[in-house]
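Each chain gets a letter, A, B and so on, in the order its sequence line appears, and its residues count up from 1. Below, each value reflects all heavy atoms present in this structure, side chains not excepted, and no hydrogens, waters or symmetry copies.
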Amino acid sequence: MNIMVCVKQIPDTSEVKIDPETNTIVREGVPSVINPADEHAIEAAVHLVEEHGGKVTVMTMGPPQAEDVLRQGLAMGADEAILVSDRCFAASDTLATSYVLANAITHNNNFDLVLTGKQALDGDTAQVPPGIAEHLGIPQVTSAIGIEVEEDRLRVKRLLEEEFETVEVPMPVLISCSSQINEPRRPGIKAKLMAKRKEIKVWDHHSIEVESCLCGIEGSPTRVVRVFAPTFETDGERFEGEASDCALAVVNRLVESKII
Amino acid sequence: MALRVEDNKCIGCEVCVHACPYQAIEMVDERATLNEACILCGACAYACPTGAIVLDRGDSDVDITQYEGIWVVGEVTSEGTMAMVTAELIGEGGRLAAEIDTDLSVVLMGDDIRHTAEQAAGYGADRVFVVDHPALARYRTEPFTRVMADLIEEHKPEIVLAGATSMGRDLAARLAARLKVGMTADCIELRIDPETRMLEQTRPAFGGNLLATILCEQTRPQMASVRPNTMGLPSFDESREAEVIEVPVEIEEGSITTKILEVVRDESRSARKLVEADIIVGGGRGFADKQQLSLLDELAEQLGAAVGFSRALVDQGWVSSTQQIGQSGKIVHPKLYIACGISGAIQHVAGITGSDCIVAINKDPDAPIFEVAHYGVVGDVAQVLPAMTEAIKARRGE
């Protein structure tokens, strides 16, 4: 089985601070990490290949430093890594990103399965996986929490709002993985060192034959026109001191105001 | 494409400097000047009060004036009724339609669902497209995308809204890619400019720490998905009537590659319970370990409350994402929300501000959660929670 895994490097959003003066994000010093759901997609791919044979290729679109997440994929057991990187890809929205990734995937030979994380934590749109599937003209299964091989088809369990749904699809197919699908392995030092020495292919818009007018800002129909921090009300009553006194005081307030 | 500053119009007000998400504008001799960090996103042009910054995007090959009307992609529940998220969208879509003097249509797809058209009408739809076919009995990407794409190409609505549900997200993303149009996921606020008929779509960005307003200027329809529970339910009036259009479709079951083998209800602490609960006890990073989370259950039991968690605990793998509260999880509006050991990251707070009363317990007196709390307790959850549970028990005993 030939599996392509698309991953994304994101800023660690739990470290994000807002500059109170300008109301903008303080970007300095925010570390970059692999999108958490993508680790689960890599694990799912490596696991499938361990069981059924084949090859795992990790791919990301991003600036040169996004190479870090590919090394992480290699350390987890991926065989090959491809960095899709070009200045003209910068600021692509989900439509342009899925166009570029789909072209890069077809450029890399045959594939049976494309795996992605369900959504990226920073953008949180979950739009790129269906976009890639549409550009590739293959079926999609989103929010997967289990994948089983059934001869030439796959059985995929999905997590919906209040239901689990099991579907069967032929390959090639794109599956986006929920974080409940597995527990990603933590590669040891040796695997990390091996991954460091592996070659990473770098492709620009010429090598994957995409039209620059369909990527980056030009290929992106959506445009962010304003970014701002939400504001919330303030002023409340505060209790400090002995835990039992505070607890009692709060409970009394809630009872007095007929909330409980 | 190019971005230029017209020096004679720039008044040096620096509005653009704050509007730029990329820190790409500097003031040089009190005039806005772009540096190499600029990616031509145009946020400054939108913000500039004097029209001094101009973004030339070149000509569009789509005639956007051909497109008219607002559409809602409806959802039908497994019980065969119209989903509440669709009612919310009808309310919101109707409000937008009134502002630009157009109609609101709903598309309902399913098997034996003609009766749901009355529900859509009662909530205020002007027109209902009913697509009834056995192959549409449950949502599947392929047939639903095909039906929607054909209808949109035929009728050319200017705006298409879907619920940000597992169906809506799957369908809208695929549909937008097929139509090659812009799509904004998970909006929490929609506004329309009556002059330009442009939909201003506001959604969480950067992990929910910021909000971003997004436009799709040159493609139609403008597509957005909307978080359930963010827009409020419109009033229902069964005497309202709508034009009902039955859309005949031909779908070969054999042409659909995806087969549904099994559907099982998730009986674990369900998502619906969290969203509907009057009282919610929320847990965050302030707990020492997974076992300590039982303190939440004990308090919740006394209060008859549901239990939810901040994203930190989901990321840590302690709890399931279906119980996550916040902008990237469930948006809740209970009568009482008790935030335990939750610091109050913006993305969490944005999911709870609809609560009538918020109680915060945190050992850090500077935790941002206290800014939104009606009552705050500075202390460790390990001591405060059992004390609260006891105090409530004692009250009940009286």
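Between the B/Arg203 side chain and the A/Gly123 main chain, a donor and an acceptor come within less than 3.5 Å of each other. The main-chain N or O of B/Ser166 is found under 3.5 Å from a side-chain atom of A/Glu161 such that the two form a donor-acceptor pair. Here the side chain of A/Arg238 pairs a donor or acceptor atom with the backbone of B/Pro365 at under 3.5 angstrom. The backbone N or O of B/Glu262 lies less than 3.5 Å from no partner atom in the side chain of A/Glu165, so there is not a single donor-acceptor pair.
A/Glu168 has no carboxylate O lying under 4.0 Å from a charged side-chain N of B/Lys259, or vice versa, which leaves the two without a salt bridge. The pair B/Lys180-A/Glu134 does not meet the salt-bridge criterion, since no charged nitrogen lies less than 4.0 angstrom from a carboxylate oxygen. Classification of A/Arg226 and B/Glu200 as a salt-bridged pair fails, no side-chain N sitting under 4.0 Å from a carboxylate O.
When all heavy atoms of B/Arg174 and A/Ala133 are compared, the closest pair comes out as NH1-CB, 3.2 Å. Closest non-hydrogen pair, B/Thr257 versus A/Arg153, comes out as O-NH2, 3.4 Å. B/Ala387 approaches A/Ser244 most closely through the heavy-atom pair CB-CA, 3.8 Å. Nearest heavy-atom pair, A/Asn252 versus B/Arg395, reported as atom, atom and distance to 0.1 Å: OD1-NH2, 2.8 Å. Of all heavy-atom pairs between A/Gly131 and B/Ala177, the closest is CA-CB, 3.8 Å. The minimum heavy-atom distance linking A/Leu95 with B/Ala176 is given by the pair CD1-O, 4.2 Å.
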Do A/Phe228 and B/Thr213 pass the side-chain contact (heavy atoms from CB on, under 4.5 Å) test, and can you show the C-alpha distance, the side-chain angles, and the key distance before you say yes or no?
CA-CA 9 Å; A/Phe228 56 104; B/Thr213 301; 3.5 Å; yes
Step by step, work out the salt bridge (charged side-chain N to carboxylate O under 4.0 Å, His left out) result for A/Glu163 and B/Arg138.
CA-CA 12 Å; A/Glu163 290 165 334; B/Arg138 255 188 89 83; 3.3 Å; yes
Go through the steps to decide whether B/Leu336 and A/Ile260 satisfy the test side-chain contact (heavy atoms from CB on, under 4.5 Å), and finish with yes or no.
CA-CA 8 Å; B/Leu336 172 62; A/Ile260 59 173; 3.6 Å; yes
Tell me, with the steps shown, if A/Glu162 and B/Thr322 meet side-chain contact (heavy atoms from CB on, under 4.5 Å).
CA-CA 9 Å; A/Glu162 294 166 28; B/Thr322 55; over 6 Å; no
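Interface remark: A/Ser143 contributes no atoms to any contact with chain B (heavy atom separation under 4.5 Å). Residue B/Leu385 does not touch chain A at all, counting heavy-atom pairs closer than 4.5 Å. For B/Asp186, the part lying under 4.5 angstrom from a heavy atom of chain A is the side chain only. A/Ser257 touches chain B through its side chain: at least one heavy atom from C-beta onward sits under 4.5 Å away, while N, CA, C and O do not. Residue contact with chain B, scored on non-hydrogen atoms closer than 4.5 Å, involves the backbone of A/Ile138 exclusively. Of the two parts of A/Gln119, only the side chain, counted from C-beta on, holds a non-hydrogen atom closer than 4.5 Å to a non-hydrogen atom of chain B. Interface residue B/Asp315: only side-chain heavy atoms are found under 4.5 Å from chain A. The contact between A/Val255 and chain B is made entirely by side chain atoms (from C-beta outward), counting heavy-atom distances below 4.5 Å.
Residues B/Thr141 and A/Val141 have side chains not in contact (no heavy-atom distance under 4.5 Å, counting atoms from C-beta outward). Inter-residue side-chain proximity for B/Cys216 and A/Arg223 is flagged as unmet; no heavy-atom pair is nearer than 4.5 Å. Taking the side chain as every heavy atom from C-beta outward, A/Leu254 and B/Val359 approach each other to under 4.5 Å. Using a 4.5 Å heavy-atom threshold, the side chains of B/Met388 and A/Val251 count as touching. Considering only heavy atoms from C-beta on, B/His374 stays 4.5 Å or farther from A/Glu237 through its side chain. B/Leu215 has its side chain out of reach of A/Thr222: every pair of non-hydrogen atoms, C-beta onward, lies at least 4.5 Å apart. Looking at heavy atoms from C-beta onward, B/Met183 lies out of side-chain contact with A/Pro221 at the 4.5 angstrom threshold.
Options B/Val181, B/Thr258, B/Thr202 differ in how many heavy-atom pairs under 4.5 Å they form with chain A, and the most are formed by B/Thr258. Counting heavy-atom pairs closer than 4.5 Å to chain A, the top-ranked of the candidates B/Leu175, B/Val378, B/Asp278, B/Ile392 is B/Val378. Per-residue heavy-atom pair counts under 4.5 Å with chain B were compared for A/Ala249, A/Ser98, A/Pro170, A/Gly219, and the maximum is reached by A/Pro170. Among A/Thr125, A/Asp245, A/Ile10, the residue with the largest count of heavy-atom pairs under 4.5 Å with chain B is A/Thr125.
With B/Ile214 as the fixed residue, the side chain to side chain contact (heavy atoms under 4.5 Å, CB included) test singles out one of A/Val224, A/Asp93, A/Val227, A/Val225: A/Val224.
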